[in-house]
Peer 1: 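The structure is given below, and queries will be raised subsequently.
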Amino acid sequence: MGNKNSEEKIDFEQALAELEKIVKQLENGSLPLEQSLALFERGVKLARQCREKLQAAELKINKLIEEREGELNEEPFSEEPD
Amino acid sequence: MATVPARKILTVSQVNALVAGMLDEYFSDLWITGEVSNLNYHSSGHIYFKLKDEGAQIDAACFRSSAQKLKFRLEDGMQVVAHGRLEIYVPSGRYQIILDTIEPRGIGALQQAFEQLKRKLEKEGLFDPERKRPLPKLPRVIGIITSPSGAAIRDMLKTLRLHRAHCRVLLYPVQVQGEGAAEQIARALAGLNRRDDVEVIILGRGGGSIEDLWPFNEEIVARAIAASRIPVVTGIGHEVDYTIADFVADYRAATPTAAAQKVAQGWQELEQRFEQTEKELVMTIQDLLFHLEQRIDELSRHRAFEQVVRRVREFHHHAEILQAEMRDVFRRLISVRNETLNRLRERLSHQNPAVKIRQGMIQLNGLKTGLQQAITGTVTGLSTRLARLAGALDALSPLAILARGYALCFSADGTLIKKINQVEPGEEMLVLLSDGRLKCGVQEKIPGGENGKQEQ
């Protein structure tokens, strides 16, 4: 579970880093039009991916229960209402 | 007081036993004040020392069961107030006071204990800034040690959500006050450290009295924090509360909420960075379209216009696909309250080359039609005018006048005669009529107009 999260995190950061690079290149403005449009297209795609990742991510909360020999088991934690 | 019968001879043991009974009866519940000296913390857990004032001293002992309850550590020279009972040590005949409660004088026991532990751990270097470890920027797994039912956990989870920490929370439920709380907290710290996924630990508790917060001032908790290989963030009590745990922690936040905020900070910054970049991306396409327009303008002034139009159409197609993509992006942006981008989109669509060119074409067609209409109109107008002018010219023709009965007279040299003084009687003149000429001679000059009126 932790590994999956880690991959997602790297994905997001990588996508964001590439997006930032694209924006820099576009801002530079010296590229031919076709290339600029292609870059923009890629940027839109990356932005959408990032947005989806952000919206999909949510806080997961588990409670740890200590068993004998100090082993820790997890179970879902439901918050008590106010 | 028990009376000793006269002449009754007692053994040493009997005397001591008798005294023991008396001490037990009369000195089993007393408060005493004095200065601590000859202090000895014995390995058995008992504490032995002397209590003294200017003129006297008394042996004192605090046995392990009571010694464990002391919140602070005794020091030589310390003024204390204590409670206990007198007891005779039968083998030596010395009496001593057995203490069950000891408090420092002048300063609260807890305060004293706090200061002592703080000094001690500080000396050991547990508070050193070099010991503080950096917190992970984007923690995926956060361990939280707190009560599962307090306001602290609710505040922390709420804050983590608000700051969009995209992570898993492992709550280690503990008692945060009262007997055994410190041990539970230390155990929880050790427990989380046995896992390989926890990246940061928050140790939190809502506000309370110094007694309520006491577990966080206990050495066992301080040691457990120091021993943690995972960075620990404390958020204990309110702004003004400082506990020993705060000093040892890698980061001290003022409250549980502030602790959660600190831990989620990296996530929040990442999201802000993304939103900024997304905005910039949209602005670059605006620039791009602006340059595209400029180039179209430029190229359209050249002869190779057809080629330009073809290129523009290609870009068009591309731009339209991108626009669809953008609409998609925008829909998302709107859903996450980004009105700025919405406005940008408006502006973007105004600058769309497809729209511009379509508008240009319509305009051009309009102009062409207009020109044709103008030309046709002008020609028609001209010929009408010509016809009218021709009619006017015709009307002005002298021949037409002659037809109406007028005549023109010319002198012999061909000059048109308008006045009588241009000719003399006897001279010849030529009279022009509509159908021919008459050769006539002037007989007489009679001044006067058409009506025979005299002309001057």
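Protein chains get the first letters and strands the later ones, always in sequence-line order, with residue 1 at the start of each.
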Peer 1: Which heavy atom of A:L59 sits nearest a heavy atom of B:L157, and at what distance?
Peer 2: CD2-O, 3.8 Å
Peer 1: Hey, are the side chains of A:V44 and B:L281 touching, using non-hydrogen atoms and a 4.5 Å cut-off?
Peer 2: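 Yes, close enough: below the 4.5 Å cut-off.
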Peer 1: Between B:E278 and A:R48, does a salt bridge (Lys or Arg N to Asp or Glu O under 4.0 Å) hold up when you go through it step by step?
Peer 2: CA-CA 9 Å; B:E278 200 180 40; A:R48 198 179 49 204; over 6 Å; no
Peer 1: Would you mind checking which part of A:E20 comes under 4.5 Å of any heavy atom in chain B, side chain (CB onward), backbone (N, CA, C, O), both or neither?
Peer 2: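 For A:E20, heavy atoms of backbone and side chain both lie under 4.5 Å from chain B.
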Peer 1: Taking it one step at a time, do A:K24 and B:T277 satisfy side chain to side chain contact (heavy atoms under 4.5 Å, CB included)?
Peer 2: CA-CA 10 Å; A:K24 268 206 190 73; B:T277 309; over 6 Å; no
Peer 1: For side chain to side chain contact (heavy atoms under 4.5 Å, CB included), just list the numbers for A:K53 and B:H166, CA-CA rounded to whole Å, side-chain angles, deciding distance to a tenth of an Å, and then say yes or no.
Peer 2: CA-CA 10 Å; A:K53 283 218 160 58; B:H166 306 127; over 6 Å; no
Peer 1: Answer yes when B:K137 and A:E13 have at least one side-chain N-carboxylate O distance shorter than 4.0 Å, and no when they do not.
Peer 2: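 Salt bridge between B:K137 and A:E13, a charged N being under 4.0 Å from a carboxylate O: no.
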Peer 1: Count the heavy-atom pairs under 4.5 Å between each of A:I61, A:I65, A:L19 and chain B, then report the option with the highest count.
Peer 2: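 It is A:I61.
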Peer 1: Under 4.5 Å between any side-chain heavy atoms of A:F77 and B:L170, yes or no?
Peer 2: no
Peer 1: Looking only at heavy atoms, which of residues 177-186 of chain B get nearer than 4.5 Å to chain A?
Peer 2: none
Peer 1: Please report the interatomic distance OH(B:Y172) to CD(A:E66), rounded to the nearest 0.5 Å.
Peer 2: 3.0 Å
Peer 1: Look at atom CZ of B:R187 and say whether more than 12 heavy atoms of other residues, nucleotides or ligands are closer to it than 6.0 Å.
Peer 2: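 Counting other residues, nucleotides and ligands, CZ of B:R187 stays at 12 neighbours or fewer.
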Peer 1: Which residue out of B:A188, B:P173, B:G143, B:A190 racks up the most heavy-atom pairs below 4.5 Å with chain A?
Peer 2: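 Max contact count across the listed options: B:P173.
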Peer 1: When only pairs under 4.5 Å are counted, which of B:R273, B:E280, B:Q276 shares the most heavy-atom pairs with chain A?
Peer 2: B:R273
Peer 1: Begin from the C-alpha positions of B:V169 and A:K60 and carry the test side chain to side chain contact (heavy atoms under 4.5 Å, CB included) through to its verdict.
Peer 2: CA-CA 6 Å; B:V169 170; A:K60 299 179 194 79; over 6 Å; no
Peer 1: Output yes when A:E74 and B:R168 qualify as a salt bridge under the 4.0 Å nitrogen-oxygen rule, no when they do not.
Peer 2: yes
Peer 1: Looking only at non-hydrogen atoms, find the nearest pair between A:C50 and B:F274 and report the distance.
Peer 2: CB-CE1, 3.1 Å
